[in-house]
Amino acid sequence: MSEIKVLVVEDGDEYLTNLSTFVSRGIRYTQAKSGEQACALLSSLQPDLVYLDMRFDRTPIEALLGDLVALTARFNGNVARARAFQQDNQGLFVLRALRDAGFRGPVILSYDFGAEERRFRALSERDPALSYCPDYADADTIYAAIQRAVGRTPA
């Protein structure tokens with residue numbers, strides 16, 4: 001069976017370190033630290049799956065995706081709340097950019113939607129190739145999620 005190519009998009013190194021250490025059997029990881037970098041890597045990497053962080057609070061503000069002016073208007077002129085929303089939900093902005101760039105493959109958001117099931121249901125209805133894995137998931141759970149997302153049965 002061929003190696004699964006996973007693009008990890010995160011603002012730190014935790015996911016790449018943990019995934020490549022504990023969830024490496026048959027999987028090759030490449031990292032992008034921003035949505036722009038992730039989109040730039042799509043054509044050369046041709047990933048089978050994107051493993052995407054939701055919150056990007058360590059990314060320089062100029063590298064964040066999303067229209068801050070529109071977000072500020074949405075938050076009644078409160079720039080601080082708009083910026084916090086942009087950082088807390090950056091994964092969704094990156095997801096949109098990846099889809100706009102032509103990536104149609106599966107995406108796993110690293111976020112716990114357990115308390116927000118309605119929100120995730122709405123997201124996945126618009127994007128059936130979207131799934132999630134909570135940040136606290138163990139290696140076996142993440143491995144199974146990756147295998148399932150790319151249409152394989154976990155070994």
Side-chain angles (χ1 to χ4, degrees), residues 1-20 23-74 82-113 116-135 137 141-155:
M1 206 175 277
S2 63
E3 190 173 56
I4 299 170
K5 294 181 288 186
V6 175
L7 176 59
V8 178
V9 188
E10 64 175 323
D11 63 341
D13 294 312
E14 297 84 11
Y15 292 122
L16 181 65
T17 299
N18 288 330
L19 291 169
S20 58
V23 191
S24 59
R25 193 173 61 234
I27 303 172
R28 182 170 35 106
Y29 297 101
T30 303
Q31 183 187 53
K33 295 257 187 158
S34 70
E36 184 179 333
Q37 187 181 26
C39 289
L41 284 169
L42 283 179
S43 61
S44 62
L45 181 62
Q46 297 183 350
D48 299 305
L49 176 134
V50 172
Y51 197 89
L52 179 57
D53 191 5
M54 178 67 105
R55 189 163 193 264
F56 285 69
D57 59 336
R58 293 174 283 183
T59 298
I61 57 173
E62 63 275 3
L64 292 172
L65 299 180
D67 183 344
L68 185 60
V69 173
L71 287 172
T72 300
R74 182 175 163 186
R83 175 73 68 212
F85 179 87
Q86 186 182 28
Q87 291 173 323
D88 290 347
N89 294 278
Q90 186 62 193
L92 298 178
F93 291 97
V94 173
L95 174 63
R96 178 170 304 186
L98 291 168
R99 296 303 191 214
D100 288 348
F103 182 71
R104 298 288 170 253
V107 174
I108 297 175
L109 271 171
S110 182
Y111 185 76
D112 184 10
F113 282 98
E116 302 176 58
E117 289 179 31
R118 215 170 94 213
R119 180 181 184 205
F120 183 76
R121 196 169 37 254
L123 290 168
S124 61
E125 283 173 4
R126 284 185 297 235
D127 192 337
L130 181 65
S131 60
Y132 77 90
C133 203
D135 287 334
T141 301
I142 295 169
Y143 180 77
I146 290 171
Q147 295 293 315
R148 224 178 4 265
V150 298
R152 297 186 185 175
T153 305

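Scope of the values below: all heavy atoms of this structure, side chains included, with no hydrogens, waters or symmetry mates. We number each residue from 1, following the sequence as shown.
Annotation: salt bridge (Lys or Arg N to Asp or Glu O under 4.0 Å) contacts of Arg55 (sequence neighbours excluded): Asp57, Asp88. By the salt bridge (Lys or Arg N to Asp or Glu O under 4.0 Å) test, Asp11 pairs with Arg58, sequence neighbours left out. Tyr111 pairs by the side chain to side chain donor-acceptor pair (under 3.5 Å) definition with Glu116, not counting sequence neighbours. Listed by chain and residue number, Phe113, Tyr132 satisfy the ring pair (Phe, Tyr, Trp, His ring centres under 6.0 Å) test with Phe120 (two or more places apart in sequence, or in another chain). Partners of Ser24 by side chain to side chain contact (heavy atoms under 4.5 Å, CB included), not counting sequence neighbours: none found. Among residues two or more places apart in sequence or in another chain, the side chain to side chain donor-acceptor pair (under 3.5 Å) test is passed with Glu3 by Arg28. Residues that satisfy the side chain to side chain donor-acceptor pair (under 3.5 Å) test with Ser43, not counting sequence neighbours, are absent from this structure. Contacts of Cys39 classified as side chain to side chain contact (heavy atoms under 4.5 Å, CB included), with partners at least two apart in sequence or in another chain: Ala97, Leu98, Ala101. Remark: Gln87 engages no residue in a side chain to side chain donor-acceptor pair (under 3.5 Å) (not counting sequence neighbours). Thr141 pairs by the side chain to side chain contact (heavy atoms under 4.5 Å, CB included) definition with Cys133, Ala137, Asp138, not counting sequence neighbours.
For residues 90-109, the set of pairs meeting the side chain to side chain donor-acceptor pair (under 3.5 Å) definition, not counting sequence neighbours, comprises Arg99-Asp127. Residue pairs satisfying the salt bridge (Lys or Arg N to Asp or Glu O under 4.0 Å) criterion with at least one member in residues 35-46, sequence neighbours excluded, are absent.
Residues Pro47 and Leu42 are in side-chain contact: their nearest non-hydrogen atoms beyond the backbone lie under 4.5 Å apart.
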